[in-house]
Amino acid sequence: MPLTKEFFARSVHNVAKELIGATFLVDGVGGTIVELEAYHHEDPAAHGYRGRTERNASMFGPPGHAYVYRSYGIHWCVNFVCEAEGVADAVLIRALEPTHGLDEMRRRRGLDDERLLCAGPGRLCQALAITREHDGLPLDRTPFRLEQRSEEAQVVRGPRVGISRAAELPWRYGLAGSRYLSRPLRPA
DNA sequence: CACAGGATATACT
DNA sequence: GTATATCCTGTGA
């Protein structure tokens, strides 16, 4: 079952929990979502916390769309907008288990190790060729494909990665036992 | 383990 | 205007 706009028009935590195990493809290349982080508009670590800017404009758009931004001047990171238009809640996609288009991902990443193809927000954007071109695009249309997970997933929660503000909130979600996480997830 | 790389935002002077 | 921090990764100690 493809994920609809209604799926994303809910609390960012419900969306986060249920996205673990979903399939995420761009032009047929991608895999299973095994790690993500929730960013709520009242959360000081969220890009939308201080209001709209040129960079984060698509966070304030309708749910079910992509928010792509450049991180540390080098990498791209992709978020899925949740909740409602104007609210600026989103989930940051942090890691995939590669299942589709492995050779294409290896070529783009310039490396063989399957475990490192999509284990990190910048890495997975490179593997899936996600750039600013994708910012603001709807997730239920080409080039994206998002499929709901077919079985229950064992989801674990822990503190988020790489932030200083609100670092104590356990808003990082992962698939228990996955070897494709960007780093180990210690339950909080 | 440390640190370069360098866009974007915010907090200063 | 300048300075500092950031939702990170690759490389080299």
Side-chain angles (χ1 to χ4, degrees), chain A residues 8 11-13 15-17 19-20 22 24 26 30-31 33-61 63 65-83 87-98 105-137 139 155-175 178-186 188:
Chain A
F8 291 99
S11 126
V12 68
H13 295 293
V15 172
K17 232 178 352 196
L19 265 182
I20 295 293
F24 176 45
V26 179
I33 298 175
V34 296
E35 178 185 344
L36 51 79
E37 288 174 356
Y39 286 88
H40 187 267
H41 62 278
E42 289 175 356
D43 163 11
H47 281 177
Y49 179 65
R50 288 170 205 80
R52 187 183 187 122
T53 65
E54 189 175 353
R55 177 176 69 160
N56 68 21
S58 49
M59 274 190 104
F60 288 81
H65 289 237
Y67 163 47
V68 180
Y69 69 92
R70 204 187 269 281
S71 168
Y72 290 88
I74 301 169
H75 315 289
W76 296 104
C77 294
V78 62
N79 297 248
F80 297 164
V81 179
C82 298
E83 186 62 47
V87 174
D89 286 4
V91 291
L92 168 68
I93 309 303
R94 289 193 51 92
L96 306 179
E97 173 177 344
M105 291 196 249
R106 288 197 176 95
R107 194 181 61 73
R108 289 169 178 162
R109 296 267 300 119
L111 127 182
D112 280 339
D113 189 347
E114 181 182 327
R115 204 183 58 81
L116 294 178
L117 287 180
C118 301
R123 288 167 173 166
L124 82 87
C125 281
Q126 188 182 20
L128 273 59
I130 295 173
T131 67
R132 169 165 296 152
E133 308 271 301
H134 302 276
D135 185 40
L137 295 185
L139 296 166
V155 178
V156 285
R157 250 166 42 128
R160 294 176 292 183
V161 175
I163 57 172
S164 52
R165 294 179 295 237
E168 73 289 352
L169 297 173
W171 287 358
R172 178 176 177 226
Y173 295 76
L175 180 63
S178 172
R179 63 189 280 262
Y180 298 95
L181 300 178
S182 64
R183 59 176 69 186
L185 203 165
R186 280 181 220 76

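Please read these numbers as outputs of a predicted model, since none were measured by experiment. Chain letters run A, B, ... following the sequence lines, proteins first, then strands; residues in each count from 1.
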Taking any heavy-atom pair under 4.0 Å as a contact, classify [X]: base, sugar-phosphate, or nothing.
X	value
A:Ile163	sugar-phosphate
A:Arg183	nothing
A:Arg160	nothing
A:Arg172	nothing

Could you tabulate the donor-acceptor pairs under 3.5 Å formed by side-chain atoms of residues 69-77 of chain A, not counting sequence neighbours?
from    : atom 1 : to      : atom 2 : distance (Å)
A:Arg70 : NH1    : A:Ile74 : O      : 2.9

Just by distance, no angles: are the side chains of A:Arg108 and A:Gln126 close enough, under 3.5 Å, to form a donor-acceptor pair?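 A:Arg108 vs A:Gln126: no donor-acceptor pair found between side chains.
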
Say whether A:Glu97 and A:Ser178, considering side chains only, have a donor N or O and an acceptor N or O under 3.5 Å apart. no

Between [X] and [Y], which heavy-atom pair has the shortest distance, and what is it?
X	Y	value
A:His40	A:Val12	CD2-CG1, 4.4 Å
A:Val156	A:Leu185	O-CD1, 3.9 Å
A:Ile130	A:His134	CA-CD2, 3.5 Å
A:Arg165	A:Pro44	NE-O, 3.0 Å
A:Pro98	A:Met105	CB-CE, 3.7 Å

Between B:dC1 and C:dC7 - C1' atom distance, rounded Å: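 Result for the C1' pair: 23 Å, nearest Å.
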
Kindly list each side-chain donor-acceptor pair under 3.5 angstrom involving residues 113-123 of chain A, sequence neighbours excluded, with atom names and distances?
from     : atom 1 : to       : atom 2 : distance (Å)
A:Asp113 : OD1    : A:Arg115 : N      : 3.0
A:Glu114 : OE2    : A:Tyr180 : OH     : 2.8
A:Arg123 : NH1    : A:Ala119 : O      : 2.9

Anything under 4.0 Å to a heavy atom of chain A counts; send over the first and last such nucleotide of DNA chain B, read 5' to 3'. B:dG5 to B:dT10

Which dot-bracket notation, 5' to 3', represents the base pairing of DNA chain B when pairs are defined as Watson-Crick or G-U with both distances under 3.5 Å, crossing pairs as [ ], and inter-strand pairs as |? |||||.||||||.

Reported OH-to-OH distance for the pair A:Tyr39 and A:Tyr49, which is rounded to 0.5 angstrom: 15.0 Å

Spatial distance of atom CG (A:Leu92) from atom CG (A:Asn79) [nearest 0.5 Å]: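 Here the interatomic distance stands at 5.0 Å.
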
With nearest nucleotide decided by heavy atoms, which residue, A:Gly162 or A:Gln126, maps closer to the 5′ end of DNA chain C? A:Gly162

Under 3.5 Å, is there a donor-acceptor pair between the side chain of A:Asn56 and the main chain of A:His47? yes

Determine whether a donor-acceptor pair (N or O, by modelled atom type, separation under 3.5 Å) exists between the side chain of A:His65 and the backbone of A:Gly136.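 Yes; at least one donor-acceptor contact below 3.5 Å.
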
Any residue in residues 41-60 of chain A with a heavy atom nearer than 4.0 angstrom to DNA chain C? Just list them by number, or reply none. A:Ala45, A:Ala46, A:His47

Students should find this one: the first and last nucleotides of DNA chain C, 5' to 3', lying under 4.0 Å from a heavy atom of chain A. What are they? C:dT6 to C:dG10

